[in-house]
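Contents: one structure, followed by commentary.
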2 protein chains.
Amino acid sequence: MTRNFSDFLRNARLNKNAESKDFSLRKVAARAELEPSYLSKIERGTEAPPSEDKIKALAIDLEIEPDVLLAMAGKVSKELQDIIIKRPMLFGEMLRELKQMPDRAILKIVREVRDGEW
Amino acid sequence: MTRNFSDFLRNARLNKNAESKDFSLRKVAARAELEPSYLSKIERGTEAPPSEDKIKALAIDLEIEPDVLLAMAGKVSKELQDIIIKRPMLFGEMLRELKQMPDRAILKIVREVRDGEW
DNA sequence: CATATCGTGTAGTATTTACTACACGATATG
DNA sequence: CATATCGTGTAGTAAATACTACACGATATG
């Protein structure tokens, strides 16, 4: 179920380690502040993905988009949740509306908003 | 901290009970399938808000928007989270972009998207 | 070849989440 | 005025979450 997360994490780390050898399990674990044995289990899917903070630390260390790694762990960051929580009707409706839309339509909206076309 | 949630819930129930007297704490608790003493504590802010499922059941019973009641409990429904989790980059970027926008601008976008203007 | 680093196995634990069960005195109802 | 319903107090608990600590044999390094 979290195979996605664990496999992706292990692959990402191994790829980085192939380049610079600064990405042994122990070194990454140390930088993200968790026990090597814990990270080992997480990478093999024996343990559930860690907390949001640890996932973010791992993502930054491995140069992965935090939102993406969190999503693979089945999570949405507290930051994004808080945006919704402030205007639940508005964003609830919007998300349900955009759910079925293709990426490009949503991207267009993001672009329009960013360029101030409204 | 969850004063918002508890007060809102109690008020909503008392208002409904004033009309029809089918909204005693015990009756609402029974319909939402939780112990009266538990709901009592929740309404007084002694206990944290219950699980998503119970909050939704309460919202439906009391005719409150589930997203809104969940938000007051500091939660985002698993349904909405799953929409984000399927396309985390896209919706992450979008939410951060829309965060600072006024309601009316967002509503306009939702309307445009709904009417197929892209 | 000593030692440093590697990934992993076992065995826990503290905290949070999400509740139930039961009993009580107060109030309302028939 | 008996009894039904009310809200609430006390005392738990099962399961999930999020980890740590330590030890081990294998492999790499100087």
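Side chains are part of it too, since the values below use all heavy atoms of this structure and drop only hydrogens, waters and symmetry mates. Here is the naming used below: chain letters follow the sequence lines, and residue numbers restart at 1 for every chain. Just so we're clear, the structure is a prediction, and the values are computed from it rather than from any experiment.
Partners of B:Glu52 by side-chain contact (heavy atoms from CB on, under 4.5 Å), not counting sequence neighbours, listed by chain and number: B:Lys56, B:Leu70, B:Ser77, B:Lys78. Partners of B:Lys27 according to the side-chain contact (heavy atoms from CB on, under 4.5 Å) rule, which considers only residues two or more places apart in sequence or in another chain, are B:Asp22, B:Ser24, B:Arg31. For B:Glu79, the salt bridge (charged side-chain N to carboxylate O under 4.0 Å, His left out) partners at least two apart in sequence or on another chain are A:Arg96. Remark: A:Leu107 engages A:Arg111, B:Leu90 in a side-chain contact (heavy atoms from CB on, under 4.5 Å) (not counting sequence neighbours). With sequence neighbours excluded, no residue forms a salt bridge (charged side-chain N to carboxylate O under 4.0 Å, His left out) with A:Glu65. Listed by chain and residue number, B:Ala32 satisfy the side-chain contact (heavy atoms from CB on, under 4.5 Å) test with B:Ala57 (two or more places apart in sequence, or in another chain). A search for salt bridge (charged side-chain N to carboxylate O under 4.0 Å, His left out) contacts involving A:Lys16 returns A:Glu63, not counting sequence neighbours. For the salt bridge (charged side-chain N to carboxylate O under 4.0 Å, His left out) test, no residue two or more places apart in sequence or in another chain qualifies with B:Asp53.
No side-chain heavy atom of B:Phe91 sits less than 4.5 Å from a side-chain heavy atom of A:Leu80. B:Ile84 has its side chain within reach of A:Ile84: a pair of non-hydrogen atoms, C-beta onward, lies under 4.5 Å apart. Between A:Pro36 and A:Arg26, some side-chain heavy-atom pair lies under the 4.5 Å cut-off.
The CZ-C1' distance, from B:Arg10 to D:dT8, rounds to 9 Å in whole Å. Taking atom CG of residue A:Leu9 and atom P of nucleotide C:dG7, one finds them 13 Å apart after rounding to whole Å. The separation between A:Phe23 atom CZ and C:dT5 atom P is 18 Å, rounded to whole Å. Here the C1' atom of nucleotide C:dT17 and the NZ atom of B:Lys78 are 17 Å apart, to the nearest Å. Summarising the geometry, the separation between CG on A:Leu14 and P on C:dC6 is reported as 13 Å, rounded to the nearest angstrom. The CG-C1' distance, from A:Leu25 to C:dT8, rounds to 9 Å in whole Å. For the pair A:Glu47 CD and C:dG7 P, the interatomic distance rounds to 18 Å; values are reported in whole Å. Distance CD (A:Glu43) to P (C:dG7): 8 Å, rounded to an integer number of Å.
Proximity of residues 31-42 of chain A to DNA chain C (heavy atom under 4.0 angstrom from any strand atom) is restricted to A:Pro36, A:Ser37, A:Ser40, A:Lys41. The stretch residues 51-59 of chain A touches DNA chain D through A:Ser51, A:Lys54, each having a heavy atom within less than 4.0 Å of the strand.
Side chains of A:Arg44 and A:Ser40: a donor-acceptor N/O pair is present below 3.5 angstrom, by distance only.
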Q: Using the side chain to side chain contact (heavy atoms under 4.5 Å, CB included) rule, take A:Val76 and B:Val76 through it: C-alpha gap first, then chi angles, then the decisive distance, then the call.
A: CA-CA 9 Å; A:Val76 173; B:Val76 173; over 6 Å; no
Q: Begin from the C-alpha positions of B:Asp67 and A:Met89 and carry the test side chain to side chain contact (heavy atoms under 4.5 Å, CB included) through to its verdict.
A: CA-CA 7 Å; B:Asp67 286 342; A:Met89 300 264 298; 5.9 Å; no
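Distance from the side chain of A:Pro50 is smallest to D:dC19 among C:dT8, C:dG7, D:dC19.
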Grab the N/O contacts between the protein and nucleotides 24-30 of chain C below 3.5 Å, and write none if there aren't any.
none

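An OP1 or OP2 oxygen of D:dG9 is reached within less than 4.0 angstrom by a side-chain nitrogen or oxygen of B:Arg44.
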Q.
Let's test your reading of the pairing rules: Watson-Crick or G-U wobble, both distances under 3.5 Å, then write DNA chain D as a dot-bracket string with ( ), [ ], | and dots.
A. ||||||||||||||||||||||||||||||
